[in-house]
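Predicted model only: the values in this text are computed from it and were never measured. All chains are named by letter (A, B, ...) in the order of the sequence lines, taking the proteins before the strands, and each is independently numbered beginning at 1.
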2 protein chains.
Amino acid sequence: MAYLDRVFHSLSDGTRRAVIAQLANGPASIGDLAQCHHMALPSFMKHVRVLEESELVMSRKVGRVRMCELRPDALTAAQGWLEQERRVWETRLNQLDSFVETLAEKEDKHGRE
Amino acid sequence: MAYLDRVFHSLSDGTRRAVIAQLANGPASIGDLAQCHHMALPSFMKHVRVLEESELVMSRKVGRVRMCELRPDALTAAQGWLEQERRVWETRLNQLDSFVETLAEKEDKHGRE
DNA sequence: ATCAAGGTAAGCCATATAGCTAACTAATAA
DNA sequence: TTATTAGTTAGCTATATGGCTTACCTTGAT
């Protein structure tokens, strides 16, 4: 699976988006996260693994608890893709606009002849 | 499934992202899209359906061919979510920064005492 | 040294996904 | 009117997902 596939797949789950939102406010342990989403620990581990594989989150063990935190550049790839596509789209719309405008001008001239 | 779930899920597939990129350059029929991705028509229909259910794409039938086009506001929801999360994250970092700075100042003062 | 707590591994289950083929429908071209 | 073309529906397969439980391992507290 490609990198962007993993990123967007990570984001496609409400629980994982909530985790990201939560981690944006500071690190948390797996236990904390699981408890506050009313989910069994192993279930939550999977989410954390997905988030790590998409490089949105990183974690390390301190004693027997694993702390998770958001990666600094977490969302830039996704944002980058969206922005680029939007730019292409808007550029095309502008071109269409001016094309239609040109047409209208010609129509106009034609009308006046 | 929630709206954002659907949107990000749509974007989590390379083929669908390619379709979006393609449609940003103008409308296309299902047949066109399928052919240019070397895929059977019915397989492609599923992708188009997913894209429509996530409100990224709309389509209508003209004669016997179905034309697909990007929705004007397609990517704004996804962009919005990303931007907001990023803002939260950066705000927190700034606060941390100034907190550390304050600490450093106090340390400094303390040192001079 | 022992026990509790937090995490991890393994494996079960129901559902969803991404692809396919084959059969059907509806619009167009000959 | 008959073929051809473009979509569509139905159904198959293999794999992935999101949840669970149960058993195990490590670390920290008593």
Can you give me the dot-bracket string for DNA chain C, 5' to 3', counting Watson-Crick and G-U wobble pairs with both distances under 3.5 Å, using [ ] for crossing pairs and | for partners on another strand? ||||||||||||||||||||||||||||||

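Listed by chain and number, the residues in a side-chain hydrogen bond (donor to acceptor under 3.5 Å, both in side chains) with B:E83 amount to none (sequence neighbours excluded). Remark: B:Q22 pairs with B:H37 by the side-chain hydrogen bond (donor to acceptor under 3.5 Å, both in side chains) rule, at least two apart or across chains. Not counting sequence neighbours, the partners of A:D5 by the salt bridge (Lys or Arg N to Asp or Glu O under 4.0 Å) test are B:R17. For B:H9, the ring pair (Phe, Tyr, Trp, His ring centres under 6.0 Å) test picks out no residue, with sequence neighbours left out. Remark: B:N25 engages no residue in a side-chain hydrogen bond (donor to acceptor under 3.5 Å, both in side chains) (not counting sequence neighbours). For A:R86, the salt bridge (Lys or Arg N to Asp or Glu O under 4.0 Å) criterion is met by A:E90, not counting sequence neighbours.
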Which pairs of donor and acceptor atoms, one on a side chain in residues 68-77 of chain A, lie under 3.5 Å apart (sequence neighbours left out)?
residue, atom, partner, partner atom, Å
A:T76, OG1, A:D73, O, 2.9

Contact letters for nucleotides 19-30 of chain D, in which S counts primed atoms plus P, OP1 and OP2 and B counts the base, heavy atoms under 4.0 Å: BBBB----BS--

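Residues of residues 16-29 of chain A having a heavy atom closer than 4.0 Å to DNA chain D, listed by number: A:R16.
A 4.0 Å heavy-atom criterion places the boundary nucleotides of DNA chain C facing chain A at C:dA4 to C:dA9, written 5' to 3'.
By the 4.5 Å side-chain criterion applied to Ile, Leu, Val, Met, Phe, Trp and Tyr, A:V62 is assigned to a cluster that also includes A:V65, A:M67.
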